A.B. asks: 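Submitted below is the structure of interest, expressed as structure tokens.
Note that the structure is a prediction, hence the values are computed from the model and not measured.
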Amino acid sequence: MGQSVRLTPGNLIAAYSRGLFPMADERGVVNWYECEPRAVLPIDGFHVPRRLARTVRSKWFEVRVDHAFESVIAGCARPAPGRQTTWISDEIIEAFCRLHKLGLAHSVETWRDEKLVGGIYGVALGGLFAGESMFHLERDAGKVALVHLVDILKGAGFCLFDIQYIVNDNFKQFGVLEISRDDYLSRLETALEKKTDFSAIRA
């Protein structure tokens with residue numbers, strides 16, 4: 001953990017390039033963090049459980065990309081069952097919306113009947129996608145967004161999908177890996193050298 005700083009786009013880019021990420025405490029004070037071990041989702045070896053694959057194929061949800069970024073991050077920040085507080089402060093929301101306007105933060109969303117029901121957002125730098133948070137209002141809505149996000153990352157040539165740490169056992173079904181800090185930083189260095197274009201591939 002490091003000292004709190006202003007969340008300018010430049011500071012955020014520098015932090016993610018060093019393996020750090022911001023989180024706010026219960027008072028709303030933002031600090032930089034890193035974790036050991038680090039959790040990553042394999043892009044090529046991503047596992048989609050059979051039932052979820054059927055849901056994806058059913059087209060029950062409409063998937064959109066970067067259509068409602070601010071609404072997705074706000075949805076992730078709202079209290080949920082078993083989680084009454086959140087690390088996503090107003091300062092973080094404003095900072096990531098600025099990154100989004102610069103084309104460095106993206107959302108994949110699930111919609112049904114023109115209502116946003118789930119989504120995931122994160123930061124894209126080179127071949128790194130740093131997944132920040134995911135939410136759902138209907139069963140599987142967030143997971144369907146995740147599946148489509150991985151398809152985008154694969155098609156656009158990303159090589160590192162960072163999820164920081166395992167939030168719950170649900171992520172284990174996708175083949176999540178826990179790696180050392182040194183291994184992560186080595187992969188990060190390689191990823192940052194890659195040229196990718198998130199917007200070139202659409203779900």
A.B. asks: What pair of heavy atoms forms the shortest contact from His136 to Gly142, and how long is it?
C.D. replies: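 Heavy atoms only, the tightest pair is CB-N, 3.5 Å.
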A.B. asks: Does any N or O in the side chain of Ser186 come within less than 3.5 Å of the main-chain N or O of Asp182, such that one atom is a donor and the other an acceptor?
C.D. replies: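 No; zero donor-acceptor contacts below 3.5 Å.
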A.B. asks: Taking the side chain as everything from C-beta on, heavy atoms only, tell me whether Leu128 gets closer than 4.5 Å to Lys194.
C.D. replies: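 The answer is no, as the side chains (C-beta and beyond) never meet within the 4.5 Å cut-off.
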A.B. asks: Side chains of His47 and Pro49: closer than 4.5 Å at any heavy-atom pair?
C.D. replies: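 Yes, their side chains come closer than 4.5 Å.
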A.B. asks: Can you check whether Gly28's main-chain N or O pairs, donor with acceptor, with Asp25's side chain at less than 3.5 Å?
C.D. replies: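 Confirmed, Asp25 side chain pairs with Gly28 backbone.
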A.B. asks: Looking only at non-hydrogen atoms, find the nearest pair between Ala77 and Ile93 and report the distance.
C.D. replies: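 Ala77 and Ile93 have their closest heavy atoms at CB-CD1, 4.2 Å.
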A.B. asks: Roughly how far, to the nearest 0.5 Å, is OG1 of Thr190 from CG of Leu160?
C.D. replies: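 It comes to 9.0 Å.
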A.B. asks: In Å, rounded to the nearest 0.5 Å, how long is the span from CZ of Phe135 to CG of Leu137?
C.D. replies: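 If I round to the nearest 0.5 Å, the distance is 5.0 Å.
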A.B. asks: Nearest heavy-atom pair of Ala39 and Asp162: which atoms, and what distance?
C.D. replies: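 Result for this residue pair: O-OD1, 3.3 Å.
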A.B. asks: Just verifying a value: how many Å separate Leu102 CG and Cys97 SG, rounded to the nearest 0.5 Å?
C.D. replies: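 So the gap between those two atoms works out to 11.5 Å.
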A.B. asks: Checking Val56 against His148 for the side chain to side chain contact (heavy atoms under 4.5 Å, CB included) test, could you report, in this order, the C-alpha distance in whole Å, the side-chain angles of both residues, the deciding distance, and whether it holds?
C.D. replies: CA-CA 9 Å; Val56 172; His148 282 274; 3.9 Å; yes
A.B. asks: Would you say Tyr16 and Phe21 make side-chain contact, with heavy atoms under 4.5 Å?
C.D. replies: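 Side-chain contact under 4.5 Å: yes.
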A.B. asks: Give a yes or no answer on whether the side chain of Thr196 reaches the backbone of Gly126 with a donor-acceptor pair at less than 3.5 Å.
C.D. replies: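 Flag set: sc Thr196 to bb Gly126 pair under 3.5 Å.
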A.B. asks: Measure across Leu104 and Leu125 and return the closest heavy-atom pair with its distance rounded to 0.1 Å.
C.D. replies: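 Looking at all heavy atoms of both residues, the shortest contact is CD2-CD2, 4.2 Å.
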A.B. asks: Under a 4.0 Å N-O cut-off, is there an ion pair linking Asp113 with Lys115?
C.D. replies: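 Answer for the salt bridge query: no.
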A.B. asks: Test salt bridge (Lys or Arg N to Asp or Glu O under 4.0 Å) on Glu114 and Arg64; report intermediate values, then the result.
C.D. replies: CA-CA 11 Å; Glu114 292 302 312; Arg64 301 178 186 175; 3.0 Å; yes
A.B. asks: If I compare all heavy atoms of Trp87 with all of Ile92, which pair ends up nearest, and what's the gap?
C.D. replies: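 Looks like O-CD1, 3.3 Å.
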A.B. asks: Could you check whether any side-chain heavy atom of Phe174 comes within less than 4.5 Å of a side-chain heavy atom of Val48, counting everything from C-beta outward?
C.D. replies: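 Contact flag for Phe174/Val48 side chains = no.
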A.B. asks: Do the non-hydrogen side-chain atoms of Val117 and Trp60 ever get within less than 4.5 Å of each other?
C.D. replies: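 Side chain of Val117 against side chain of Trp60, heavy atoms only: no contact under 4.5 Å found.
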A.B. asks: Is there a side chain to side chain contact (heavy atoms under 4.5 Å, CB included) between Glu138 and Phe61 once you walk through the steps?
C.D. replies: CA-CA 10 Å; Glu138 295 188 11; Phe61 301 109; 3.5 Å; yes
A.B. asks: Does the Glu109 side chain pair with the main chain of His67, one donor and one acceptor, at a distance under 3.5 Å?
C.D. replies: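 Between the backbone of His67 and the side chain of Glu109 there is a qualifying donor-acceptor contact (under 3.5 Å).
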A.B. asks: So how far is it from Arg38 CZ to Leu188 CG, rounded to the nearest 0.5 Å?
C.D. replies: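 So the CZ of Arg38 and the CG of Leu188 are separated by 8.0 Å.
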A.B. asks: Between Val63 and Trp111, is a side chain to side chain contact (heavy atoms under 4.5 Å, CB included) present by the stated rule, with each step listed?
C.D. replies: CA-CA 6 Å; Val63 178; Trp111 298 73; over 6 Å; no
A.B. asks: Do Phe69 and His100 have ring centroids that are under 6.0 Å from one another?
C.D. replies: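 Yes, the ring of His100 comes within the 6.0 Å limit of the ring of Phe69, centre to centre.
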A.B. asks: Are any non-hydrogen side-chain atoms of Leu41 and Phe46 less than 4.5 angstrom apart?
C.D. replies: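 Result yes, sub-4.5 Å side-chain heavy-atom pair found.
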A.B. asks: How long is the straight-line distance from CD of Gln173 back to CZ of Arg51, given to the nearest 0.5 Å?
C.D. replies: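 Rounded to the nearest 0.5 Å, the CZ-CD separation comes out at 8.0 Å.
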A.B. asks: Taking the side chain as everything from C-beta on, heavy atoms only, tell me whether Leu192 gets closer than 4.5 Å to Ser17.
C.D. replies: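 SC-SC contact between Leu192 and Ser17 confirmed.
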A.B. asks: More than 12 foreign heavy atoms under 6.0 Å from CD of Glu70: is that the case here?
C.D. replies: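 Atom CD in Glu70 is not packed in, count stays at 12 or less.
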A.B. asks: Give the intermediate values and the outcome of side chain to side chain contact (heavy atoms under 4.5 Å, CB included) for residues Val40 and Phe161.
C.D. replies: CA-CA 6 Å; Val40 298; Phe161 187 177; 5.9 Å; no
A.B. asks: Under 3.5 Å, is there a donor on one side chain and an acceptor on the other for Glu132 and Gln164?
C.D. replies: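 Their side chains do contain a donor-acceptor pair, which is all the 3.5 Å distance test asks for.
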A.B. asks: Locate the shortest heavy-atom distance separating Pro22 from Val30; write the atom from each residue and the value.
C.D. replies: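 Reported closest heavy-atom pair: CB-CG1, 3.8 Å.
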A.B. asks: Can you measure from OH (Tyr121) to CZ (Phe129) and round to the nearest 0.5 angstrom?
C.D. replies: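 It comes to 10.0 Å.
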A.B. asks: Between Pro37 and Ile179, is there a side-chain heavy-atom distance shorter than 4.5 Å?
C.D. replies: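 The answer is no; the side chains never approach within 4.5 Å.
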A.B. asks: Tell me which one of Val176, Leu146, Ile120 satisfies side chain to side chain contact (heavy atoms under 4.5 Å, CB included) with Ile163.
C.D. replies: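 Testing each of Val176, Leu146, Ile120 against Ile163, the sole residue satisfying side chain to side chain contact (heavy atoms under 4.5 Å, CB included) is Val176.
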A.B. asks: Quick test of your reading of the model: are Glu62 and Arg112 salt-bridged, counting only N-O distances below 4.0 Å?
C.D. replies: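 Salt bridge absent between Glu62 and Arg112.
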